[in-house]
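Letters A, B, ... mirror the listed sequences (proteins, then strands); counts begin at 1.
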There are 2 protein chains.
Amino acid sequence: MQDQRESGRHQVFEAIRNANQIARIDIAKATSISPASVTAITSELLSAGLIKELHPEPSPGSAKRGRPRVALTVCDNAFLIAGMKIADRQLSIVLLDFVGETVFEFTQPIPERRMATDELAKIVRDGLHAACAACERNMHDVAGLGLGMAGLIDAERNYIYWSPSLEARNVEFGAALAKVLPMPVFVDNDANLVAKAEQHFGEGRGETDFIVITIEQGVGMGIVIGNKIYRGERGCGAELGHTKVQLEGAMCRCGQRGCLEAYVGDYALLREASVHGQGLPHDSVAALYAHAKAGDATARSIFERAGRMLAMGLVNVINIFDPKLVILSGEQASLDFFDGDRLLEWVKSSVVQVDAPLPEIRVHHWGDLMWAKGAAAYAIEAVTRLKIKELSRDAA
Amino acid sequence: MQDQRESGRHQVFEAIRNANQIARIDIAKATSISPASVTAITSELLSAGLIKELHPEPSPGSAKRGRPRVALTVCDNAFLIAGMKIADRQLSIVLLDFVGETVFEFTQPIPERRMATDELAKIVRDGLHAACAACERNMHDVAGLGLGMAGLIDAERNYIYWSPSLEARNVEFGAALAKVLPMPVFVDNDANLVAKAEQHFGEGRGETDFIVITIEQGVGMGIVIGNKIYRGERGCGAELGHTKVQLEGAMCRCGQRGCLEAYVGDYALLREASVHGQGLPHDSVAALYAHAKAGDATARSIFERAGRMLAMGLVNVINIFDPKLVILSGEQASLDFFDGDRLLEWVKSSVVQVDAPLPEIRVHHWGDLMWAKGAAAYAIEAVTRLKIKELSRDAA
DNA sequence: CATATTTAATTTGTGTCATGAAAAAAATAT
DNA sequence: ATATTTTTTTCATGACACAAATTAAATATG
């Protein structure tokens, strides 16, 4: 038994986090838990320091008379949470409070692109330490660290099948980090973390089911079904970038042929440009794009074909999942390369035709720290789960 | 409240159905519900007539001494369930008892390929009536009808966006059927029903997550996640057959280009054969296959390309879902056309490479009535849910 | 300014339910 | 015949959600 209470606690807490601030009676309405139970549960959460009352403010929705409703909020300073993204040559770190507000941002170069396991673990540790020091916090105050990196990762086990940042394959990275860090660490694939970021801070707020597609050097996908990230059996699903769009097609950096990434990734675009010769820049996609924009037919055709391939990938995702919402997420530049309107046109005309509204496709431009914030969001979730479970244990 | 009891009832019932016959104490072990609660719940189910005790048999696992365990089974004659598949020109119907044993099989031609809504509803009604009459049962004894047909269908609403069997688009077929049939009807896409059939009677028994791919005239897919069929937002997901495998590719009967089906479907194979001329048969895939088998290089290349495209589709499914199990399901013939070993070879070499066991791929040959049995399985599930909900209501 | 009214939150009592422990049941072993 | 073993049922307990009643805290009203 006792699990029903735990689920109640979760529901109430999520309602509060979701609403930002909300009176007990509205929690009752939102969760359809009785006011009596809401009182019981909130008083627990209150005394555990996870939430707090927002006294003076006249909570919104309050009527003219009657006892004023007192709003509850998640206690922002309950825990300090860290999110980290390991990129090619750079470590980005954010420290968030428990409601997800940024406390501090921090960036640090990484000496090598590819490192030994313990070495990278140390880099992570030192980076977090430095970040904490820089904002005069103690690393031991950090209640949880979310860590994102490229590669094939089984998040459940903090296990890395392969990552461009690690020399070894099949690494128990969670264990390696546990040796050097005091707080629980949650490792995940970077595309999943973008999905988390969208869910908590972005276009996915309030949505229970959606798909996030990221376009950077590669193409990534995150699948959210029923508020949860779908990970597959071995934890390495959602590899849209290595979905095949052409039989015996272009060579991909994964060593196989015909992957979507091999047509849409930046290296794919540059490869085309370099083959053609004719004075097209082939060291920067932005430069190549400038040529296309200026009217160069060859450059244009390169982006056009990539766009069509991307559309194909999107169509396949939609035909398979019939999602409610697809979020194209990435930095401004990477998304601009593909003419959005034409892309949507292609997608619309190639999707299974049904007399029902098409899935919504939203484009979302993110800054540099999206990945790290997603990692932090993931950690916030995990820490919340831990703390509420603790509460349930203590009550017993 | 009271939902925990309902969930308990479901768990217990599923455990019984799953095990075929099982003693209370083993139900307790299997569900980790206490023996006390199992007693309470089973006595309810018992008095509702959903299950029965299997007295005389020495239930398996019983020890030498001690009170003998008495096994429980689902009461086979609790309800009569019908499953029906509307195919091109044929109606197949099965009547199953409540444990899924076939009571009667029945087939009837359909006059037209494509009909008006009410006309088709009448065909369904008359078919069911005839089937019942043929085995001396009353149609009113049928507690539920599962109905499968090709097309884009929102099963939740018994709503048909489009079907080759219906003249109209966007049909409230559930409502049309309710007017002429006394029992609840559950309509679904045929690929989903194959998934149901696999889950209840086939290779999916005991699996919580798997993907079924059917190869017939078209290519279909059913996705089972957490024991439930994934349907997408509008109920028209899992359209693997119209996934694009070639930019600007071959014309598909859906009017678009490059669909997987346009390379793998039977009409696609015959089209190739007919274009080439050279005395290849182009009216029967079986005949074409005989040529290939006999060594005809052109015929071979037709099947080979189709096989490669099919492999591509499978690879994409695996890369996206990272499933535990994929079931290739269909009639013997349709599967034989594609050399199984080579297909698997292609799939293995094109899937994202991880040092973890590949998803299992099982091939399952089915007879003609698979579709109807899947429909019946779907109805059994739905009726069970209804009856247990009724029980919960009555208890209140 | 006292009192009514209104709305929110809390308290109280009740009923449901799962469960552990004890008892009963039903067999075999001695 | 009695002990032992194993399954099932009964019983008492405790957790919990909730409806109803109560309290709290504000505004409206005369």
Side-chain angles (χ1 to χ4, degrees), chain A residues 1-12 15-16 19 21-47 51-72 391-396, chain B residues 1-12 15-16 21-47 51-72 388 391-396:
Chain A
M1 272 220 63
Q2 189 137 235
D3 294 36
Q4 74 202 294
R5 191 50 169 287
E6 195 176 319
S7 116
R9 267 188 275 257
H10 256 112
Q11 275 182 80
V12 169
I16 297 172
Q21 62 179 80
I22 184 173
R24 285 174 242 261
I25 192 159
D26 290 323
I27 298 176
K29 274 174 202 154
T31 60
S32 60
I33 290 173
S34 75
S37 302
V38 171
T39 292
I41 290 171
T42 51
S43 76
E44 270 184 346
L45 296 174
L46 227 29
S47 68
I51 61 173
K52 64 182 176 190
E53 292 191 330
L54 221 53
H55 246 136
E57 283 86 334
S59 34
S62 192
K64 278 106 242 298
R65 35 191 214 169
R67 176 173 177 171
R69 39 182 67 184
V70 5
L72 300 169
L391 244 185
S392 297
R393 246 209 325 282
D394 293 352
Chain B
M1 272 219 62
Q2 187 135 237
D3 292 38
Q4 74 202 295
R5 191 52 169 284
E6 196 176 317
S7 113
R9 268 188 274 258
H10 256 112
Q11 276 183 79
V12 169
I16 297 173
Q21 63 180 76
I22 184 173
R24 285 175 243 261
I25 192 160
D26 290 325
I27 298 175
K29 274 176 204 155
T31 60
S32 60
I33 291 173
S34 74
S37 303
V38 171
T39 292
I41 291 172
T42 52
S43 76
E44 272 184 346
L45 296 175
L46 228 29
S47 68
I51 60 173
K52 65 182 175 191
E53 292 190 332
L54 220 54
H55 246 138
E57 283 87 334
S59 35
S62 190
K64 277 105 243 292
R65 33 192 214 167
R67 178 172 176 170
R69 40 183 65 183
V70 5
L72 301 169
I388 286 184
L391 243 187
S392 297
R393 247 209 324 281
D394 294 351

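The distance from the CG atom of A:Leu46 to the CD1 atom of A:Ile41 is 13.0 Å, given to the nearest 0.5 Å. Interatomic distance, OG1 of A:Thr42 versus CG of A:Leu72, reported as 6.0 Å (0.5 Å rounding). The distance from atom OG of B:Ser47 to atom CG of B:Leu391, rounded to the nearest 0.5 Å, is 7.0 Å.
Side-chain nitrogen and oxygen atoms of A:Arg65 include none within less than 4.0 Å of the OP1 or OP2 phosphate oxygen of D:dT29. Side-chain N/O atoms of B:Arg5 include one lying less than 4.0 angstrom from OP1 or OP2 on C:dA18. Put simply, A:Ser37 has a side-chain N or O that comes within less than 4.0 Å of OP1 or OP2 on D:dC18.
Between the CD1 atom of A:Ile25 and the P atom of D:dA26 there is a distance of 16 Å, given to the nearest Å. Spacing between atom CD of B:Glu6 and atom P of C:dA18 amounts to 12 Å, rounded to whole angstrom units. What separates CD1 of B:Ile41 from P of D:dT10 is a distance of 15 Å, to the nearest Å. If you measure from atom CG of B:Leu54 to atom P of D:dT7, you get 17 Å, rounded to the nearest angstrom. In this structure, B:Arg24 places its CZ atom 10 Å from P of D:dT10, rounding to the nearest Å. Going from atom CD of B:Glu44 over to atom P of C:dT16 covers 13 Å, rounded to whole Å. Remark: P of D:dT8 and CD1 of B:Ile22 are 10 Å apart, rounded to the nearest angstrom. The nearest whole Å value for the distance from the CZ atom in A:Arg9 to the P atom in D:dC16 is 7 Å.
For the pair A:Ile27 and A:Ile33, the minimum side-chain heavy-atom distance is 4.5 Å or more.
Looking at the side chain of B:Ala36, the nearest of the listed nucleotides D:dA24, D:dT8, C:dG20 is C:dG20. Among the nucleotides C:dT11, D:dA19, C:dA26, the one closest to any side-chain atom of B:Arg67 is C:dA26.
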